[in-house]
Amino acid sequence: TFSRSELAERRRQLRWKRRLRALQAFWRSLLAIALTGGAIWLVTLPGWVIRQPNQVKVEGNELLSVEAVRALLPLEYPQSLWEIEPDAVARSLQAGGPIAQATVKRQLFPPSLTIEIQERRPVAIAYAPVSSLQTVPGHPPQTTTAAIGLLDTTGAIIPIDNYTKLTPSVELPKLKVIGDRNQYRSRWPQLYQAILHSPVAITEIDWRDPGNLILLTELGVVHIGPFDDRFPRQMVALNQLRKLPDNIDRSAIAYINLKDPASPLIQLRQARALPTDEAA
């Protein structure tokens with residue numbers, strides 16, 4: 001049992017605890033309101049604004065100039081830093097062609113954007129077959145080629161106009177690739193690496209016929225056949241053909257047949273194909 005004085009003291013303590021909890025809740029609410037208001041005030045400050053292009057920092061660029069990357073940004077100056085969506089800006093840059101990857105970060109002090117990019121490096125010019133509109137009765141339509149863009153090491157296409165406008169001083173690649181890109185894109189990275197390390201200079205790749213890859217090399221036209229695991233051995237055999245005898249008129253050679261790298265053939269113009277040992 002409790003005395004009256006003890007009960008009164010317990011009631012007084014309970015009332016004090018209730019008042020203390022109410023006071024704590026009041027101050028927590030007041031602090032939350034103050035923090036929210038402060039955040040809103042900071043966001044709406046006129047200082048958090050991208051007012052000019054030099055507030056955009058560009059990193060990782062080698063071929064593209066800083067001004068060229070800034071020109072691709074979907075920004076209107078001035079623009080609030082908080083209205084800029086980094087992921088949307090990155091997607092817009094990657095859709096332009098010359099940029100493979102982009103990362104965009106906002107910086108508060110001082111207000112600025114930092115853009116880190118990974119460029120697409122063009123290594124070849126892609127050509128596609130185009131049928132001529134002018135035909136001769138009784139003859140099949142004439143087929144020509146037209147440039148469709150630049151190829152990077154992965155087989156992705158970069159629009160030529162897009163690239164030359166951004167980097168007018170950059171020299172276009174010398175290597176040409178002819179054919180349907182949808183047919184060779186998956187094999188292009190492997191072929192390009194092999195050509196890159198080839199001891200014989202190759203300036204043109206004709207892939208219009210998947211069953212017979214044709215190369216234009218410093219030794220002349222070379223028929224490879226289908227591109228497969230034999231290609232490294234074919235490149236070794238091609239390099240060995242540098243030692244052709246001087247009595248062979250190179251202008252009389254129509255093409256070099258390397259479909260069988262163990263038995264290369266030299267196809268002469270208006271003549272039979274000669275094995276390389278017989279030509280020697």
Side-chain angles (χ1 to χ4, degrees), residues 62-63 100-101 118-129 143 145 147-158 170-269 271-280:
E62 297 179 5
L63 301 177
Q101 295 290 335
Q118 180 182 345
E119 299 168 322
R120 294 190 187 277
R121 186 176 296 273
V123 296
I125 303 177
Y127 288 80
T143 300
T145 60
I148 61 172
L150 303 173
L151 281 177
D152 72 353
T153 56
T154 67
I157 279 286
I158 308 170
V170 174
E171 186 178 356
L172 294 179
K174 302 297 185 183
L175 182 62
K176 298 180 181 180
V177 183
I178 305 172
D180 184 353
R181 190 173 68 97
N182 294 326
Q183 292 182 354
Y184 66 74
R185 181 174 182 178
S186 61
R187 309 298 304 275
W188 169 250
Q190 181 182 358
L191 175 63
Y192 175 71
Q193 290 300 319
I195 288 177
L196 189 63
H197 297 92
S198 171
V200 178
I202 298 172
T203 57
E204 183 176 293
I205 303 168
D206 190 338
W207 218 325
R208 283 176 287 189
D209 180 6
N212 184 24
L213 184 68
I214 301 176
L215 307 179
L216 180 59
T217 75
E218 60 178 292
L219 301 181
V221 178
V222 180
H223 288 206
I224 296 296
F227 177 70
D228 51 31
D229 296 337
R230 300 172 303 163
F231 193 76
R233 290 186 285 117
Q234 290 170 320
M235 292 297 96
V236 172
L238 180 62
N239 187 44
Q240 293 173 347
L241 292 179
R242 292 176 183 271
K243 303 176 182 179
L244 285 176
D246 295 334
N247 61 350
I248 294 181
D249 183 4
R250 292 181 180 270
S251 63
I253 298 177
Y255 62 87
I256 299 172
N257 188 335
L258 281 180
K259 295 180 181 180
D260 182 1
S263 300
L265 298 175
I266 296 177
Q267 180 66 46
L268 301 178
R269 302 181 187 277
R272 62 187 181 90
L274 295 178
T276 55
D277 54 353
E278 181 178 338

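The shown structure was predicted, so the numbers you read here are calculated from the model rather than taken from an experiment.
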Please report the closest heavy-atom contact between [X] and [Y], naming both atoms and the distance.
| X | Y | value |
| --- | --- | --- |
| Leu175 | Glu204 | CD1-N, 4.0 Å |
| Pro264 | Ala237 | CG-CB, 4.4 Å |
| Leu63 | Arg121 | CD2-NH1, 3.7 Å |
| Tyr127 | Ala147 | CD2-N, 3.5 Å |
| Pro199 | Glu218 | O-OE2, 4.0 Å |
| Ala156 | Arg120 | CB-NH1, 3.4 Å |

I would like to know whether Leu213 and Asp206 meet side-chain contact (heavy atoms from CB on, under 4.5 Å); could you show each step before the answer?
-> CA-CA 6 Å; Leu213 184 68; Asp206 190 338; over 6 Å; no

Has the side chain of [X] got a donor or acceptor atom that lies under 3.5 Å from a matching backbone atom of [Y]?
| X | Y | answer |
| --- | --- | --- |
| Gln118 | Gln101 | no |
| Arg230 | Lys259 | yes |
| Glu62 | Glu119 | no |
| Gln183 | Pro210 | no |
| Gln267 | Ala254 | no |
| Arg181 | Gly155 | yes |

When the ring planes of Tyr184 and Trp207 are compared, do they come out parallel, tilted or perpendicular, using 30° and 60° as the limits?
->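 Answer is parallel, since the angle falls under 30°.
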
Less than 4.5 Å apart, any side-chain heavy atom of [X] and any of [Y]?
| X | Y | result |
| --- | --- | --- |
| Ile125 | Leu150 | yes |
| Ile214 | Tyr255 | no |
| Thr217 | Ser198 | no |
| Ile256 | Leu265 | no |
| Val123 | Trp188 | yes |
| Asp209 | His223 | no |

Answer yes or no: are there more than 12 heavy-atom neighbours, outside Asp229 itself, under 6.0 Å from its atom CG?
->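 No, not enclosed.
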
Quick check for you: to the nearest 0.5 Å, what is the distance between [X] atom [atom1] and [Y] atom [atom2]?
| X | Y | atom1 | atom2 | value |
| --- | --- | --- | --- | --- |
| Thr145 | Ile148 | OG1 | CD1 | 10.5 Å |
| Lys176 | Ile202 | NZ | CD1 | 15.5 Å |
| Leu258 | Leu238 | CG | CG | 5.5 Å |
| Leu219 | Leu241 | CG | CG | 7.0 Å |
| Leu196 | Leu191 | CG | CG | 11.0 Å |
| Met235 | Leu215 | CE | CG | 5.5 Å |

Ile205 and Ile195: side-chain contact (heavy atoms from CB on, under 4.5 Å), yes or no, with the steps?
-> CA-CA 10 Å; Ile205 303 168; Ile195 288 177; 3.1 Å; yes

Decide whether Asn239 and Arg242 meet the rule of one side-chain donor and one side-chain acceptor closer than 3.5 Å.
->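 Note: Asn239 and Arg242 side chains meet the donor-acceptor criterion.
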
